[in-house]
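Values below: all heavy atoms of this structure, side chains included; hydrogens, waters and symmetry mates excluded. Reminder, nothing fancy here: chain letters follow the sequence lines and each chain counts from 1.
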2 protein chains.
Amino acid sequence: MPRKPAEQTVQPDAILKAAATVFYRKGYHGATMAEIAAEVHLTAGSLYHHFPSKEDLLCAVLDHGLTQITRSVRAVVNSADPPAEKLRAIVQIHVLSEIEHVNIAAAVIFEGRALLEMPGVRDQYVRQRDTLEGLYRQVVEEGIAAGDFRPVDVGIFVKTLFGALNWVSLWYREGGRLTGREIADEIAGTFLAALRPLPADDTPR
Amino acid sequence: MPRKPAEQTVQPDAILKAAATVFYRKGYHGATMAEIAAEVHLTAGSLYHHFPSKEDLLCAVLDHGLTQITRSVRAVVNSADPPAEKLRAIVQIHVLSEIEHVNIAAAVIFEGRALLEMPGVRDQYVRQRDTLEGLYRQVVEEGIAAGDFRPVDVGIFVKTLFGALNWVSLWYREGGRLTGREIADEIAGTFLAALRPLPADDTPR
DNA sequence: CAAATAATCAAATGTAAATTTGATTATAGA
DNA sequence: TCTATAATCAAATTTACATTTGATTATTTG
């Protein structure tokens, strides 16, 4: 009994990537199924053999992107490196994700808002996002506890860092003055400098 | 000869604000003329007596928002305050704009992308945005020149600051743990700390 | 090779939303 | 008070998609 044919002519992953690209370029509402399909040389209708709807496609993109970056970041957080090293490594990962697999991470960031209109889905997304943010938070808290970082409002600090990192996808251009790695390093430098403990006050009274 | 009637039943400014709110909430493509109109108790069609198209409405919102924040920031930059003070003041302005007139500034930030599809318009927007960024840049350069700030890559630093500030509109919620002013202060603290000159190396050889 | 079914397409279908149109209402100024 | 016109509306009109439908093609497996 003949079954289970066709080794995926177009891989779901390619579609995800295409969708991420277009969502990022146009926003969820601005993106058309036809445009996404064209990106992988299909017609709009054909996409429905792979994903049941545009909304599902967005969810898949977000889920995939967040899962991936979270995995990488978690590995760093669980390592034995000192907090400053961890922070630097995380910034690298975040920036390079945005730039290299460009669109997945970037779409995640910006199209979260579109998801907020879709109740059932929203929770899953928010949970994943909070998990990722929690990892950043953990590193900062660890550094403060160890005395490597000065005390800051961790909530605000992490949001600030996130904003700065996510913004990169809006201005980064291939072949610009700096490479992604250099950009990440500069940004990490800024935030590590911000966390330098205040100089001990040795001034004699 | 009777002319020039009706003292604007609905002021263009109210429409701009409504549009900004909705653009921010849904994104440019996700926003409907009907929704914007409803916000000021009009019907979709009526909007066309005030603005020739949805696209024009977006342009007006962006122009208005950018002009306003730029004016405020410029005043600070031209003041005689020391660079650190200026930076702190600018951050206040930026954050409070996002929160108070909430939507204008926020819409500006995120809907810039929608504009990038509209060639003729795009240039005007990019020019205004660069002007604003230039003012931030100026303050940082001034501080470095004066020795108040450590030397940093000003381009990246300003983008980083911008990202952090613009991100606020995505997570700020009325009645949260901190007021807008407190948030702005914390963020300013982070970036000013990042700019602290390195401690002079007094270590005896 | 042949059956079963995956992958695809071209062409409907349906719908939501931008924009237009043709009144209607209200007001400023003569 | 009367007139021109601004501001508005309700009801078309148009368009741009998302999604469906009904083939057609390709491929796996027996």
Atom-pair distance ([atom1] on [X]; [atom2] on [N]), nearest Å:
{"X": "A/E55", "N": "D/dA18", "atom1": "CD", "atom2": "C1'", "value": "12 Å"}
{"X": "B/F51", "N": "C/dA18", "atom1": "CZ", "atom2": "C1'", "value": "16 Å"}
{"X": "A/L47", "N": "D/dC17", "atom1": "CG", "atom2": "P", "value": "15 Å"}
{"X": "B/M33", "N": "D/dC9", "atom1": "CE", "atom2": "C1'", "value": "15 Å"}
{"X": "B/L57", "N": "C/dA18", "atom1": "CG", "atom2": "P", "value": "11 Å"}
{"X": "A/H29", "N": "C/dA18", "atom1": "NE2", "atom2": "C1'", "value": "16 Å"}
{"X": "A/Y28", "N": "D/dC17", "atom1": "OH", "atom2": "P", "value": "14 Å"}
{"X": "A/D56", "N": "D/dA18", "atom1": "CG", "atom2": "P", "value": "14 Å"}

Side chain of [X]: nearest nucleotide among [options]?
{"X": "B/T32", "options": "C/dA18, D/dC17, D/dT19", "answer": "C/dA18"}
{"X": "A/Y48", "options": "C/dA17, C/dT19, D/dA18", "answer": "D/dA18"}
{"X": "B/T43", "options": "D/dC9, C/dC9, C/dT19", "answer": "D/dC9"}
{"X": "A/L42", "options": "C/dA18, C/dC9, D/dT19", "answer": "C/dC9"}

Original post:
Does B/S46 place a side-chain N or O at less than 4.0 Å from the phosphate oxygens OP1/OP2 of D/dC9?
Top reply: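 Affirmative; the distance criterion is met.
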
Subject >> Distance-only donor-acceptor check, side chains A/N166 and A/E98, under 3.5 Å >> reply: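 No, A/E98 and A/N166 have no side-chain donor paired with an acceptor closer than 3.5 Å.
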
Original post:
Between A/R88 and A/D185, is the closest basic N to carboxylate O distance under 4.0 Å?
Top reply: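 A/R88 and A/D185: salt-bridged.
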
**OP:** If the plane angle is over 60° it's perpendicular, under 30° parallel, otherwise tilted; pick one for A/Y28 and A/F23.
**Re:**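 If you compare the ring of A/Y28 with that of A/F23, the planes turn out tilted.
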
**OP:** Can you measure from OG1 (A/T190) to CZ (B/R150) and round to the nearest 0.5 angstrom?
**Re:**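 So the OG1 of A/T190 and the CZ of B/R150 are separated by 6.0 Å.
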
**OP:** Give, for atom OH of B/Y172 and atom NZ of A/K159, the distance between the pair rounded to the nearest 0.5 Å.
**Re:**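 That separation rounds to 14.0 Å.
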
**OP:** Name the nucleic acid region contacted by B/A37, choosing base, sugar-phosphate or nothing; use a 4.0 angstrom heavy-atom cut-off, strictly under.
**Re:** nothing

